[in-house]
**Student:** 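Sharing a structure below in structure tokens format, with a few things to ask.
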Amino acid sequence: MNLTIVGTGYVGLVTAVCFAEKGHNVTCVDVDEEKIEKLKHGVPTIFEEGLPELMKKNFGRINYTSDGKKAYTASNCVFICVGTPEKQDGSANLKFVWNVVKDLAATIKNNCVVVVKSTVPVGTNAKISKYLAEHKQIGAEFYVVSNPEFLSQGSAVHDTLHASRIVIGADDDYAKRQMEAVYQNFDVPKVFVNPQSAEMIKYASNDFLALKISYINEIANLCELVGADISDVAKGMGFDKRIGEKFLQAGVGYGGSCFPKDTKALHWMSAFYDKELKTIKAAIEVNEQQKLLLIKKARKYYDSFENLKIAVLGVTFKPGTDDLRDAPSLVSIPIFLDDGAEVNVYDPIGENNLKKILKNKITYCKTPQKALTNADLCFIFTEWAEIKNLKYADFALMKQVIIFDGRNCYDLHDVKKYPVIYESIGRKTINNLSDENV
Ligand code: UGA
């Protein structure tokens, strides 16, 4: 089939490359000409495992263009994969989606299946359908389908090719048949529902996971007070298949471009219908507090971070991505800087994106050892393998080894052998330094 993908972010580009891998001819459209130029030359614009290889392998089946109108007319289905960022009030900003819809209405003169992959509030597909019916050109027939995506950054290619399910929200038989043809070579369960249910499945899934994380984080915080260990507690819970072992990793809070935005959007939507989802509200509040937890822990030792040298290990919102959107590290680093600390940061691949935000306010280190040398305190925000594999000898480069680990990177049995202060999440504090050392 000839497919057009609008938006070449994580969702769009990965979807495009995976569709090409399955034998479709794909045209990628993006308004960002610089991005399109890079992609035309085979240069990936996002960091994703397996993406460069698949882009190269399927180069002949993927076109890249900033001329959307031309691409729309030549395809069977147009997939809308543009961003839906958060507005000030927490609702989703749909302006990029509507820009595409308006272009489609003005351009298409034949049958066109419009597939909405962007995460949009429940009811948006119906509004798009209505708009297209009212504004279409002579000869045009639009079929709008909701097809939310469930890929995670860092494993996006794998998640797309081996999806847990493909959700298709369509009212019309022609649209359903077209979607069956698109996904014919994907051997995964397909769930056909109405567009409103498809839109809701996306929010309800993401928000359930966010809720699970906030729940385990609250349990972790309580574990610290009652002498339980969250790693053991999560392990013990996870064996129960009704609970599951995934997304029970306590930490310094969830980040990224999805959970923070989608929890706020669903909460906004529920409040709009006068049916506030109290569980989601709680998940959001717990996460906001959790992001400040390492700072609170460190304040037990130092009232202020003034003149301290701070090593920050890991800044991206999770390992496997260079994405810093809503990363917990971005809450703490400005607090260190406001207090007057010197901040040395190491992240295996987040450096370029961090430079766009913090510019020359911090020092960027190519190795964790460089960041740790002569540091007074160390904060860990991302569980990169490069950070988890560090040894005591690396931390011994610090003036004194005081670590605030927001991702529980190290085994307490190992840590307690060394002269360190080690605070993690939901686990016992190891304090093997005498008070005079701190
Ligand atoms: C998330 C969902 O997992 C995808 O299914 C969904 O398609 C995607 O959002 C989206 O809406 O586009 P993603 O944002 O890439 O994917 O990241 P996750 O792996 O879900 O992690 C989100 C955050 O939760 C990270 O900050 C991570 O560190 C944190 N997390 C995750 C925990 O704190 N504990 C856990 O046990 C798991």
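Counting starts at 1 for both ligands and their atoms, in listed order. Values below: every heavy atom of this structure, side chains too, minus hydrogens, waters and symmetry copies. The first residue in the sequence is number 1, and the count goes up from there.
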**Student:** Using a 4.0 Å cutoff against the non-hydrogen atoms of Arg407, which atoms of ligand 1 qualify?
**Tutor:** 28 (O), 33 (O)
**Student:** Counting only heavy atoms closer than 4.0 Å, does ligand 1 sit against the backbone of Val11, its side chain, both, or neither?
**Tutor:** neither
**Student:** Using a strict threshold of under 4.0 Å (side-chain N to carboxylate O), is an ion pair present between Arg242 and Asp240?
**Tutor:** yes
**Student:** Does the pair Glu37/Lys40 count as a salt bridge with the N-to-O cut at 4.0 Å?
**Tutor:** yes
**Student:** Specify whether Tyr410 and Phe395 have parallel, tilted or perpendicular ring planes, treating 30° as the upper limit for parallel and 60° as the lower limit for perpendicular.
**Tutor:** perpendicular
**Student:** If you measure every N or O of Gly255 against every N or O of ligand 1, does any of those distances drop under 3.5 Å?
**Tutor:** yes
**Student:** Measure the distance from atom 30 (N) of ligand 1 to every protein heavy atom, then report the residue, atom name and distance (to 0.1 Å) of the closest one.
**Tutor:** Ile213 CD1, 3.4 Å
**Student:** Do Arg299 and Asp339 sit within salt-bridge range, that is, some charged N less than 4.0 Å from a carboxylate O?
**Tutor:** yes
**Student:** Between the candidates Phe150, Phe259, Phe247, which shows the shortest non-hydrogen contact distance to atom 1 (C) of ligand 1?
**Tutor:** Phe259
**Student:** Could you establish whether Glu383 and ligand 1 come within less than 4.0 Å of each other, counting only heavy atoms on the residue side?
**Tutor:** no
**Student:** I want to know if ligand 1 touches Glu149 in the polar sense, i.e. an N/O pair below 3.5 angstrom.
**Tutor:** yes
**Student:** Decide whether an N or O pair under 3.5 Å exists between Ser257 and ligand 1.
**Tutor:** no
**Student:** I'd like to check which ligand 1 atoms, numbered from 1 as shown, lie under 4.0 Å from a non-hydrogen atom of Gln153.
**Tutor:** 15 (O)
**Student:** I'd like to know if Glu149 pairs up with Lys202 as an ion pair, taking the criterion as any Lys NZ or Arg NE/NH1/NH2 lying under 4.0 Å from an Asp or Glu carboxylate oxygen.
**Tutor:** yes
**Student:** Is the terminal nitrogen or CZ of Lys22 (NZ for Lys, CZ for Arg) located under 6.0 angstrom from the six-membered ring centre of Phe186 and within 45° of that ring's axis?
**Tutor:** yes
**Student:** Say whether Asn206 and ligand 1 are in contact under the criterion: heavy-atom distance to a ligand atom below 4.0 Å.
**Tutor:** yes
**Student:** Using 30° and 60° as the class boundaries, would you call the ring planes of Tyr143 and Tyr174 parallel, tilted or perpendicular?
**Tutor:** tilted
**Student:** Does a side-chain N-to-carboxylate-O contact under 4.0 Å join Lys355 and Glu351?
**Tutor:** yes
**Student:** For Ser152, is the nearest heavy atom under 4.0 Å from an atom of ligand 1?
**Tutor:** yes
**Student:** Answer side chain, backbone, both or neither: which part of Asn217 comes under 4.0 Å from ligand 1, heavy atoms only.
**Tutor:** neither
**Student:** Taking the six-membered ring of Tyr183 (Phe, Tyr or Trp), confirm whether the NZ or CZ of Lys190 is under 6.0 Å from its centre and within 45° of its axis.
**Tutor:** no
**Student:** My understanding is that we take every heavy atom of each candidate and find the minimum distance to atom 34 (N) of ligand 1. Doing that for Lys261, Glu245, Gln249, which one comes out nearest?
**Tutor:** Gln249
**Student:** Counting non-hydrogen protein atoms only, what is the nearest one to atom 10 (C) of ligand 1? Give residue, atom name and distance.
**Tutor:** Cys258 SG, 2.8 Å
**Student:** Checking contacts here: is it the side chain or the backbone of Lys246 that comes within 4.0 Å of ligand 1, counting heavy atoms only? Could be both or neither.
**Tutor:** neither
**Student:** Among all protein heavy atoms in this structure, tell me which lies nearest to atom 8 (C) of ligand 1, with the distance rounded to 0.1 Å.
**Tutor:** Leu151 O, 3.3 Å
**Student:** Around Phe192, counting heavy atoms of other residues, nucleotides and ligands shown, do more than 12 lie under 6.0 Å from its CZ?
**Tutor:** yes
**Student:** With atoms numbered from 1 as shown, which atoms in ligand 1 lie under 4.0 angstrom from a non-hydrogen atom of Lys202?
**Tutor:** 6 (C), 7 (O), 10 (C), 11 (O), 12 (O)
**Student:** Is there a side-chain contact between Phe404 and Leu293 in this structure, where contact means two heavy atoms from C-beta onward sitting under 4.5 Å apart?
**Tutor:** no
**Student:** Closest non-hydrogen protein atom to atom 19 (O) of ligand 1, residue and atom name please, with distance?
**Tutor:** Lys318 NZ, 2.8 Å
